[in-house]
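In what follows, chains are A, B, ... by sequence order, proteins preceding strands, each numbered from 1. As the structure is a computational prediction, the values presented were derived from the model and not from experiment. Just the heavy atoms: all of them, side chains too, but no hydrogens, waters or symmetry mates, feed the values below.
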Amino acid sequence: SQQGEEDPQALSIQEGENATMNCSYKTSINNLQWYRQNSGRGLVHLILIRSNEREKHSGRLRVTLDTSKKSSSLLITASRAADTASYFCATDKAAGNKLTFGGGTRVLVKP
Amino acid sequence: GAGVSQSPSNKVTEKGKDVELRCDPISGHTALYWYRQSLGQGLEFLIYFQGNSAPDKSGLPSDRFSAERTGGSVSTLTIQRTQQEDSAVYLCASSPPARETQYFGPGTRLLVL
C-alpha cells in the first residue's frame, strides 16, 4: 500500500523555472528520502532528510519536512531539461528498513 | 564501482510459466530489497534481506512469489505460475551497513501474456 501521496501528479515548466512538489505520509517515520526515476527504470537517490530535521539543501535541491503535518516538499531551482523525470518520496520507519513510496510526480522541463 | 545489476532486462512469458529474476547487489552491501512497480499499484515493497537475519517477506503478494539470497550476495526472485497481473517492473536495491540510502538496479520489465 502507498504510504505517501504526492502532488501534483504531473508538472510542466519551462527551463529556468523552479519546480515544487509535495509529499504527504500517514505514519511516523525515521527519515524521508526523495528519488528520481528516468524512463521508468532504476531510481536514483537525491536527498535524505531525517525526522528531526526541518530543511536540507543539496545543490539545486531543497527539501523541507514538517512532521506535525506529515508532509515534505522538494524544490528544484533553475530547472534544466535534464531534470525531466518522475520524482518519488519514500519513507521508512526504522534505519535500514523497507521504503514506502509515494505515487510520484512526473516533471517535464521544456527547453 | 559497479552498481546494482539485474537480469534479464526484459522478460516475456506465458501465463502459468515460472520466471526467475536475478539481482547482483553492490559488493559489501548487506541489505537487499525487492520492489515492484506497476501502473495500478505504484512502487511496492516485496521482500528485504539484511545480513544473516530472516528476511522480511511481508510485501510478497502471494505464495507464488519467493526469493532467496545466496551467500549474502546475489538474490533471485521467483514467480511461479505467472499471472497477467504480475506484469510489472521488478526493481532490486541494496544498501551498505548502517546506511538508509538504497541503490537501485535498472529493473527487470516482466510481461506476462
Side-chain angles (χ1 to χ4, degrees), chain A residues 1-10 21 23-53 56 58 61 63 65 72 85-106, chain B residues 2-10 23-26 29-51 53 55-61 67 87-111:
Chain A
S1 62
Q2 295 283 335
Q3 155 84 307
E5 298 292 330
E6 293 186 58
D7 84 277
Q9 291 188 333
M21 59 210 86
C23 165
S24 61
Y25 56 92
K26 297 174 184 173
T27 62
S28 61
I29 62 171
N30 173 57
N31 63 56
L32 185 144
Q33 304 181 47
W34 285 90
Y35 286 82
R36 184 184 72 209
Q37 184 178 43
N38 292 84
S39 305
R41 300 308 286 251
L43 283 80
V44 175
H45 178 261
L46 295 176
I47 195 165
L48 178 153
I49 186 164
R50 300 192 184 284
S51 59
N52 61 354
E53 296 176 312
K56 204 158 183 182
S58 176
L61 304 180
V63 169
L65 179 64
S72 173
S86 291
Y87 293 82
F88 294 88
C89 67
T91 57
D92 67 31
K93 294 185 179 181
N97 210 332
K98 61 190 180 187
L99 293 176
T100 303
F101 286 86
T105 295
R106 296 188 310 278
Chain B
V4 177
S5 61
Q6 292 186 246
S7 61
S9 299
N10 296 280
C23 172
D24 280 271
I26 294 171
H29 282 197
T30 53
L32 187 148
Y33 310 79
W34 283 97
Y35 297 89
R36 177 170 73 173
Q37 185 174 28
S38 55
L39 280 176
Q41 298 297 321
L43 268 156
E44 303 173 279
F45 163 77
L46 295 177
I47 187 169
Y48 157 51
F49 296 89
Q50 174 62 274
S53 302
D56 177 353
K57 303 179 182 180
S58 61
L60 294 179
S87 296
V89 176
Y90 289 82
L91 293 162
C92 175
S94 67
S95 61
R99 295 289 299 276
E100 292 95 341
T101 299
Q102 296 185 17
Y103 297 81
F104 282 79
T108 293
R109 189 178 300 277
L110 175 67
L111 177 61

**Request:** Identify which part of B:Y35 has an atom lying under 4.5 Å from any heavy atom of chain A, answering side chain, backbone, both or neither.
**Result:** side chain
**Item:** Closest heavy-atom pair and its distance - B:L32, B:C23
**Value:** CD1-SG, 4.0 Å
**Asked** By a 4.5 Å heavy-atom criterion (distance strictly below it), what part of A:L99 contacts chain B: side chain, backbone, both, or neither?
**Response** both
**Request:** Counting only heavy atoms closer than 4.5 Å, note whether B:T30 contacts chain A via side chain, backbone, both or neither.
**Result:** neither
**Fill in**
dist A:S72:OG -> A:Y25:OH (nearest 0.5 Å) comes out at 8.0 Å
**Message:** Once rounded to the nearest 0.5 Å, what's the spacing between atom CD of A:Q9 and atom CE of A:M21?
**Reply:** 13.5 Å
**Message:** Distance alone, cut at 3.5 Å: any donor-acceptor contact between the side chains of A:Q33 and B:Q102?
**Reply:** no
